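The model shown is predicted, which means the values in this text are computed figures rather than measured ones. Quick note on labels: first sequence line is chain A, next is B, and so on, each numbered from 1.
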Amino acid sequence: MLLDELNREQKLACMNIDGPNLIIAGAGSGKTRVLTYKIAYLIQQNINPQNILALTFTNKAAEEMKERIINLVGDKAKYILMGTFHSIFSKILRIEADRLGYLSSFTIYDSDNSKSVIKAIVKDFNLDEKLYNKSYLSNRISAAKSRLISPQTYQDSEQLMLEDRMNSRPYIAKIYQEYNYRLKRNMAMDFDDLLFNMNVLLRDNNDLLLKYQERFRYILVDEYQDTNFAQYYIVKKLAARHRNISVVGDDAQSIYAFRGADISNILDFQKDYSDAKLFKLEQNYRSTNNIVNAANNVISQNKGRIEKNVWTNNGDGRKINFCRSDSDKEEAKWICNIIKDRKRAEGVEYKDFAILYRTNQQSRVIEENLRFLNIPYRIYSGISFYGRKEIKDIMAYFSLVVNPSDDEAFLRVINYPARSIGDTSINKLKILANEEKVSLFSAALNHLDKVSLTPKTKQSILDFVLMIHAFSIEKDKTDAYDLGIRIIEKSFIIPNLKKDNDPSVEDKLGNIDELIGALQAFVESEDELILDELTGEEIALSNKTLDVFVQQTSLLSETDRGDKNDDNKVSLMTIHSAKGLEFSYVFVAGMEENLFPGVLSIGSQVELEEERRLFYVAMTRAKTELALSCAQMRFRNGSMTFNEESRFLSEIDKEYLVESYNNHKDKTRQRTISSNSDFVSINRNLKKLDTLPNPIGGTPVTDMNAFREGMEVFHDKFGRGKILSLEGKGDDTKAEVQFDGFGIKKLVLRFAKLKLK
DNA sequence: GGATTTGTTTCCACC
DNA sequence: AAACAAATCC
């Protein structure tokens, strides 16, 4: 029988198909499995696959799940509508675009586009760009949208307006209004609009509400703890008629409050649906006992959780490996050494390892070491593929062809590659477009005679818009691949790249090739189908045109990117992107105060708890071995920082830990302290480390006023040196020191632990 | 209009 | 430190 492979609770959760279900799934408890089998079970119970809507966290997860389900119950499962909130609702918005006064070829703006629009507004309003910082405004507007607050509601809200006045930013509501106006004029929606407008669609069109309520009789939502109000409200509306809604999640893994996720959606589910059945999946199948228990230690520090007892019978496994290093470089070295060692000793592959960190910038040092040791790796963060300049340029050409009203795209490529159309000409175009109340493209195409520009410039502009226009006419008749490669060709981006002698040109051309590959894969991919129940005819939900490609790719996250041929590589990613994944060996780097937990969260209990949940997510990614590390000094944002080790470490019971100290000077000191030997306190601070024997006698000078110019000093790492100059006083004293083998270094004396000769 | 230099910002996570 | 924006020069 289908569900035989499941445990009792999992089986119950799957079989309970009618009415509201809340499935609380502890880390590693087979959440995806339950979701997969539940959908398969629905189909086996003769539920029409078309009546199933499954909302997942990533597109990749949706793809994999669908594949599994097809394997379990056969081909008809391909009719299930499955994907992320953003991708599913963008498809529906595309179909119903006219109800909102949009064309179905609308563009989806990413946060860079949004910020650029915001910046232009601030400039046009003559406001201070420092005060009206584009990132701040973008966050504020996004927060409003994800709580379904329209510009008007914002304006009417005493509280929001008061907040803004207190922040001396009284014009935010006006900016928000103008921002929405400009987006609409550009025929664009931002990420939040996809959810906001879906709500508008269902609110204002009763026929559509009914249509989609009937279509989606069974709704399943994964990672429900990370839904925001806009998402919650769509689901609530869609499920209101048939009430067959299953939500799966873990309150302990809610890590997206910063972008508007509201943990009370999951905590209050039973209040919303008083007849909801609750299932708790508590058996962890992923990790060892030590990992599960240590993670439980940590998460138990948080208040306001749904009580659950995550356990495993996987055996104790090895202890959690915690290592302190002197520097970020040493930390990276330690991690790489362990990878090499485990791979050799335990016959595992590179793809079994993941290195997780709090912030993207931490990847750099680690990368350097991996490259040095020839360890293949893949970064799942940083500048994503679609964030690269050359790709964005080409995508802007595509966007403009698909949607000529997109002023952002227009401005990006009007003079790239250079066509001798400079700021002056563009400003004249902007004024013209404003007067004629049309897009820049349309102004250039239809009203160019009304502006004073040299004939040469006019010709340049006209050549450009006519080229775009010619492609634009074809956009619905030609498939994305065919049209795409011709646009790339005509844009002359490739020859333009080739002409400069930058060594990165090869990479860029490779990226463009990959984009072309993506176009091809898109055209060849299977259609998403809807079955017409009356005629039995299959109708494609969307076709393979360029506008669909552009919309789809703007919603891809880095983890969605398809595996390349050989993917036997160590994974590097932020903890956020690691959500939902698992690896045999997991490293969490940068376990330091002010980094993890981050500086900005330390003051607030709520945010600190979110950081802790993030750490919980990180720990529970590991199957066999979890390794944590911290560094005493770390290079960040152009300067050296010194932080104590993360408070989260002290929350782990010592019986689950093995500690070591990674010292560059003396490899033999890298010692392992077993749990019953003389344990070094986890809270050991820098002072205590100082008491370890020094290679050269004497203890470091602690009185910073004792240093004088010209003094001979000794540094642990740089060796012998002479003080050239001093600045500042007390704890802030800095010195320039000329070292024998390392040149001149600027040191903060409080941390440099200099010894006098 | 384009290239080069100089100054400034960002320092948390992302669909 | 690096990415980005503005200012300056040609």
Side-chain angles (χ1 to χ4, degrees), chain A residues 55-61 83-90 108-116 119 123 129-130 133-136 138-139 142 145-146 189-196 223 226-228 230-231 254-261 356-365 380-384 386-387 389 414-427 453-454 456-457 460 500 551-560 573-579 590 594-602 607 610-611 613-615 617-618 634-641:
Chain A
L55 298 162
T56 58
F57 196 70
T58 66
N59 290 299
K60 199 177 179 190
T84 62
F85 275 87
H86 289 87
S87 72
I88 297 279
F89 297 127
S90 73
I108 298 168
Y109 274 0
D110 64 16
S111 33
D112 286 346
N113 288 325
S114 300
K115 282 177 191 159
S116 150
K119 198 185 165 196
K123 212 168 188 175
E129 287 187 46
K130 298 229 167 72
N133 172 291
K134 60 182 196 284
S135 300
Y136 176 82
S138 156
N139 284 333
S142 170
K145 283 191 180 178
S146 59
M189 295 190 199
D190 64 21
F191 290 136
D192 300 303
D193 282 335
L194 297 174
L195 307 172
F196 190 102
E223 308 281 10
D226 279 324
T227 51
N228 64 29
Q231 292 168 320
S254 159
I255 53 173
Y256 280 104
F258 74 91
R259 68 169 197 214
L356 310 181
Y357 35 77
R358 180 67 180 83
T359 66
N360 278 309
Q361 52 180 351
Q362 286 168 255
S363 71
R364 217 195 148 98
V365 203
Y380 287 80
S381 46
I383 308 168
S384 73
Y386 288 95
K389 185 186 176 300
I414 172 75
N415 199 32
Y416 179 80
R419 298 184 178 82
S420 305
I421 305 165
D423 290 346
T424 335
S425 315
I426 290 170
N427 277 329
L453 288 166
T454 63
K456 211 177 136 222
T457 314
S460 247
D500 42 273
Q551 284 176 359
Q552 212 169 291
T553 45
S554 34
L555 295 175
L556 286 185
S557 69
E558 190 57 5
T559 28
D560 287 330
M573 64 183 87
T574 62
I575 302 166
H576 282 91
S577 359
K579 170 170 162 179
N594 300 319
L595 180 60
F596 194 20
V599 211
L600 300 165
S601 59
I602 280 175
E607 288 181 46
E610 174 144 317
E611 294 283 304
R613 290 192 295 268
L614 192 58
F615 184 42
V617 169
R634 180 178 298 281
F635 204 74
R636 276 219 285 167
N637 308 321
S639 62
M640 199 57 90
T641 57

Flag side-chain contact, heavy atom, 4.5 Å: [X] against [Y]:
X	Y	value
A:Phe596	A:Leu614	yes
A:Leu356	A:Met573	yes
A:Ile255	A:Ile575	no
A:Thr84	A:Leu555	no
A:Lys579	A:Tyr256	yes

[X] side chain near [N] phosphate (N/O to OP1/OP2, under 4.0 Å):
X	N	result
A:Thr424	B:dG1	yes
A:Asn133	B:dT10	yes
A:Asn415	B:dG2	yes
A:Asn360	B:dC12	no

Range on DNA chain C touched by chain A - first to last nucleotide, heavy-atom distance under 4.0 Å: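 Contact span on the strand: C:dA1 to C:dA6.
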
Euclidean distance, atom [atom1] of residue [X] to atom [atom2] of [N] [Å, nearest integer]:
X	N	atom1	atom2	value
A:Lys115	B:dC14	NZ	P	12 Å
A:Tyr380	B:dC15	OH	C1'	18 Å
A:Phe196	B:dC15	CZ	C1'	17 Å
A:Asn139	B:dC12	CG	P	12 Å
A:His576	B:dC15	NE2	P	11 Å

For [X], answer base if it contacts any base atom (sugar-phosphate contacts may also be present), sugar-phosphate if it contacts only those atoms, and nothing otherwise; contact means non-hydrogen atoms under 4.0 Å.
X	answer
A:Asp423	sugar-phosphate
A:Ser87	nothing
A:Ser577	sugar-phosphate
A:Phe635	sugar-phosphate
A:Arg613	nothing
A:Asp110	nothing
A:Asp226	nothing
A:Ser425	sugar-phosphate
A:Phe85	nothing
A:Arg636	nothing

On DNA chain B, check which nucleotide each of A:Asn594 and A:Arg419 is closest to and give me the residue with the more 5' one.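 Here A:Arg419 is the residue nearer the 5' end.
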
Of the options [options], whose atoms approach the side-chain atoms of [X] most closely?
X	options	result
A:Lys130	B:dT9, B:dG1, B:dC12	B:dT9
A:Ser420	B:dG2, B:dC12, B:dC15	B:dG2
A:Phe258	B:dG2, B:dA13, B:dC15	B:dA13
A:Ala418	B:dG2, B:dC14, B:dC15	B:dG2

Are the side chain of A:Glu611 and the backbone of A:Ser601 linked by a donor-acceptor contact shorter than 3.5 Å?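 Between the backbone of A:Ser601 and the side chain of A:Glu611 there is no qualifying donor-acceptor contact (under 3.5 Å).
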
Point-to-point distance, once rounded to the nearest 0.5 Å, from OG of A:Ser425 to CZ of A:Arg419: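 Going from OG on A:Ser425 over to CZ on A:Arg419, the span is 13.0 Å.
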
Interatomic distance, A:Leu595 atom CG to A:Arg636 atom CZ [nearest 0.5 angstrom]: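 So the gap between those two atoms works out to 5.0 Å.
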
Geometric class of the A:Phe258/A:His576 ring pair [parallel <30°, tilted 30-60°, perpendicular >60°]: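 Because their plane-to-plane angle is over 60°, the rings of A:His576 and A:Phe258 count as perpendicular.
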
Distance, C1' atom - from B:dC12 to C:dA5, rounded to whole angstrom: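 Straight-line distance between the two C1' atoms is 23 Å.
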
